[in-house]
Structures are given as C-alpha cells and as structure tokens.
Amino acid sequence: MSYRVTLIPGDGIGPEITAATVRCLAATGVRFDWEIFEAGSEFVNRTGRPDPLPGELLDAISRNHLALKGPLTTPIGTGFRSVNVALRQALDLFACVRPCKNYPGIPSRYQNIDIVIFRENTEDLYAGIEFQSGTEAFGEINGLVAGYNHRWLRHNSAVGIKPISEFSSRRIVRFAFDYAERLRRRKVSIIHKAEVMRLSDGLFLEAARQVARDYPEVQYSDLPIDNICDQLVREPEYFDILVLSNLFGDIISDLCAGLIGGLGVAPGANIGTRAVVFEPTHGSAPDIAGQDKANPTAQILCGVMLLRHLGEIAAGDRLENALKAVLQAGIHLTADIHPEKAKAVGTAAFADAVMAALF
Ligand code: NAI
C-alpha cells in the first residue's frame, strides 16, 4: 500500500530540501505516491499561467487530504498576494502548529526548550484585507472611521483590517487545549495585546479564557506579546504551549526557531478539518537557493510529522532518531549549523547521512 500525498516543491531552496526529504521518507520503507504540483510567483513568471495557486492544486490537496510543501516566495511590494496565506485560507487550514525543541548537536544559546506554537492561520492583519492610499475605497473607509471614531486618518495612508472572530479564536484555543490534554502537556499560554487592541485582541483573550474553563487539568496563563518577548529571551524553558493570533504567531515562530538553533531546524503543519499541509517555518532562502547549501532538517522533520500523522509511528521515530544521530555526530552538517563552516556538507550529502543512519 502507498499513501497518495500532494507534493509542492516550492521556490528557492524548496526543490532541494523537498527532494532530500522525499529520499529520506522512501528510505524508511513507507511507500508514497507523490502527486507533484507547482505554484507561486516563480511558477507564474516561468509559465505565464495567470494563477499562482492553481485550482487543480487545491483540488488535489482536498482529494488527498495531505500535502508536503516547500516554501514559496512572496515578492515584496508587487501587489502579489502571498500564496502561502491564500492556500491556508482556501483550505481553511486554521491551525499552524510549530514544535520548537532542542536537538542534540545543534548549537543554541539555550537548552531544555520544548515549546509548541499554535498560530491562528486565517484571520488578523494577515487576512490580506488592505486598502491602498489615494483610492476611492480608502476615502470611504476614512469617512466611516471619522463617523464612528471622530478622527480622520492622514490622507496618504494605506489601511489594513484586523478581523478577529469569536469562532476562530475559540477554535484555535480549543485545538491547542485538546492537543495539551492528548499529549499530557502541562501548560497553555495565550498571547495577546488586549490592553491596546481592546476589541480585537480583547475578543481573542475573552474567548480563550472561556475555553480554558473546560480544561481544568491544564495550567492556563495569558500574557501580552511584549511581555513574552522579554521572557522568551530570558527563560524560554519555562514555556510549553503558546497560542497566538496570526501576526504574533508568525513573529514568535521565527523567534522560537532562533532559540533552538535557527530557521533550518523548525518544522510545521497547517491543519484544517479537511486537509493537513506540512511545511517548514522558514522561507525560500533565495540567498542560498540552488547551491546545495540549505539545511533540510526542518523539511525532513515535516516528513516525520507526516509519518506520525499517517499512523506510521515506528517509521516516524526511526527517521527522527536517524536525524538526531547525524546531528549529534556533528560531521555531516550544513553550513548554518556546522561549527566549522569550511567542513560543512551540502543538502544532498546531509540527506545521504540521515538515510545511512536509518536502521
Ligand atoms: P527565509 O526564511 O527564507 O530566510 C531567512 C534567513 O534564513 C536567510 O539568511 C536564509 O538563508 C536562512 N535560511 C532559511 N531557511 C534555511 C535553511 N533551510 N537552511 C539554511 N539557511 C536557511 O526568510 P526571508 O528571506 O525573509 O524570505 C524569503 C522568501 O520566503 C520571501 O519571499 C518570503 O515571503 C518567503 N517565505 C515563505 C514562507 C512559506 O512558504 N511558508 C515562510 C516565510 C517566508
């Protein structure tokens, strides 16, 4: 039997790290039938196709319920909307789950970190509802703001809208608490800025407090985003599960990746009721693309998450242990985590070492 999974190699380093991951997954003996699709701005530029997120790709993920995805580039300031965000919204992949824990051999300023981030994926300033300065739409919004808030926005402003619904807030918080109960985690912390964004973040916080009452066995805390930035840098080992709205979740994910040794080692999953898309926290790293320099650890860990999601627990454990063995040995490491950059190996050689360590 083989598992049919949609594969999106992605842009930049994506094809290199997904190829490495596909080889490692094959070496576990679990069989996959990959349905490969391209997407994103590089795909549009190369093929002249109008849509960076082709309908057939969405259909395939909906059909297979599973995808392994490399990073996709979002050009800044071109008006090109993020395909990553559009994909999460189109499939209602409401929870972005990002485990951040220390691995042996990966240099980090901190030890004993084991944090799981739950980022709400569909709302907030990330929802992509923005209005350009000088447009008729902006004028109408400015009139509304003046009518309700008795103040005018500067006329050359652009405006972004931050929608936070009770439904989505409750859904992500409940999802995190269910995970905590299932995996016997000790504590859930809700992160917000409700003292300033009293209505939007206030709603998120109130929904979280209500949901938390249904989980008396799990310790609950809530704290402002600025406060947790300070605490995460001073004593990250204190934290367990973090639940955040979309933008804060994006930023804190990178911060936590930095705590455990960098973006190259932080995997993630975008989870909805109909599909799960596994993708690393990092982006397409155009600065090292096509040079066999990228660290495939995060993408391989996405493969580990995929195996476990499929119930292939033994294969997932074997692959994670092989990865750990290679990291701990400290010889076949990529440049981002190698203590002696001159001795670093490439993406493909790193994957070879992981495969050789599988037993
Ligand atoms: P990035 O995460 O691609 O790179 C930041 C830094 O980390 C760079 O110096 C890069 O070389 C390094 N890095 C990242 N992954 C690495 C790996 N696996 N091995 C070794 N080094 C690694 O962030 P950046 O440069 O801000 O974004 C580049 C593009 O990626 C942008 O277009 C952005 O929109 C997109 N992006 C896509 C994401 C996704 O597909 N989910 C997530 C984040 C960014």
Side-chain angles (χ1 to χ4, degrees), residues 2-3 5-40 42-43 46 67-73 103-107 257 260-268 277-307 312 315-359:
S2 65
Y3 297 104
V5 178
T6 305
L7 178 67
I8 309 161
D11 297 326
I13 59 172
E16 299 162 75
I17 56 175
T18 50
T21 303
V22 164
R23 288 199 296 129
C24 288
L25 286 169
T28 66
V30 175
R31 290 170 55 189
F32 288 93
D33 173 13
W34 299 107
E35 203 178 2
I36 302 172
F37 282 90
E38 289 191 85
E42 287 182 16
F43 162 69
R46 202 170 50 249
L68 182 68
K69 174 183 167 296
L72 289 169
T73 300
Y103 276 97
I106 296 190
I260 55 157
L263 283 165
V265 299
V277 176
F278 297 90
E279 65 172 347
T281 298
H282 64 72
S284 55
D287 52 332
I288 53 169
Q291 300 169 40
D292 193 35
K293 281 187 179 165
N295 183 352
T297 299
Q299 191 81 55
I300 294 173
L301 285 171
C302 288
V304 171
M305 291 173 85
L306 168 64
L307 287 169
E312 297 284 356
D317 290 348
R318 280 173 57 231
L319 183 52
E320 188 180 26
N321 287 337
L323 196 54
K324 278 184 192 166
V326 171
L327 296 170
Q328 192 150 30
I331 301 164
H332 299 96
L333 302 182
T334 48
D336 57 318
I337 53 172
H338 204 298
E340 293 177 73
K341 300 250 174 290
K343 293 189 181 165
V345 302
T347 313
F350 180 97
D352 290 342
V354 173
M355 288 188 287
L358 272 168
F359 51 85

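Note that these values count all heavy atoms, side chains included, but never hydrogens, waters or copies made by symmetry.
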- Side-chain donor/acceptor of K69 to backbone N/O of I8, under 3.5 Å: no
Donor-acceptor contacts under 3.5 Å from residues 351-359 side chains, at least two apart:
| residue | atom | partner | partner atom | Å |
| --- | --- | --- | --- | --- |
| D352 | OD1 | R23 | NH1 | 2.8 |
| D352 | OD1 | R23 | NH2 | 3.3 |

- Item | Interatomic spacing from CG in L72 to CD in E279 - rounded to 0.5 Å | 8.0 Å
- Message: Working to the nearest 0.5 angstrom, can you tell me the gap between D287 CG and K293 NZ?
- Response: 8.5 Å
- Message: Checking L68 against F32 for the side-chain contact (heavy atoms from CB on, under 4.5 Å) test, could you report, in this order, the C-alpha distance in whole Å, the side-chain angles of both residues, the deciding distance, and whether it holds?
- Response: CA-CA 11 Å; L68 182 68; F32 288 93; over 6 Å; no
- Task: Any side-chain hydrogen bond (donor to acceptor under 3.5 Å, both in side chains) involving residues 325-334? Give me the pairs, sequence neighbours left out, ordered by first then second residue.
- Result: T334-D336
- A294 versus P296, closest heavy-atom pair with distance: O-CD, 3.3 Å
- E320 (side chain) donor-acceptor with L301 (main chain) under 3.5 angstrom: no
- When rounded to the nearest 0.5 angstrom, what is the spacing between CD1 in I106 and CG in L333? 8.0 Å
- Message: Contact between F350 and I300 at the side-chain level, heavy atoms closer than 4.5 Å - yes or no?
- Response: yes
- Residue R31 excluded, over 12 heavy atoms near CZ under 6.0 Å: no
- Can any side-chain N or O of Q299 pair as donor or acceptor with the backbone N or O of V265 at less than 3.5 Å? no
- If you round to the nearest 0.5 Å, how far is CD1 of I13 from CD of Q291? 10.5 Å
- Closest heavy-atom pair, A67 versus V5, reported as atoms and distance to 0.1 Å, is CA-CG1, 3.9 Å
- T281: what forms a side chain to side chain contact (heavy atoms under 4.5 Å, CB included) with it, not counting sequence neighbours? R98, S253, D254, L263, A266
- Item | Euclidean distance, T297 OG1 relative to H282 NE2, rounded to 0.5 Å | 8.5 Å
- Nearest-0.5 Å distance that lies between atom CD in E340 and atom CD1 in I331: 11.5 Å
- Note on the structure: On a heavy-atom basis, the closest approach of D292 and T347 is OD1-N, 2.9 Å
- Item | T73 and F43, any side-chain heavy atoms less than 4.5 Å apart | no
- Query: Between P280 and A298, what is the shortest heavy-atom contact and its length?
  - Reply: CB-CB, 3.7 Å
- Close side-chain approach of D11 to P71, heavy-atom, < 4.5 Å: no
- Message: Apply side-chain contact (heavy atoms from CB on, under 4.5 Å) to residues L25 and W34 and explain how you reach the verdict.
- Response: CA-CA 11 Å; L25 286 169; W34 299 107; 3.7 Å; yes
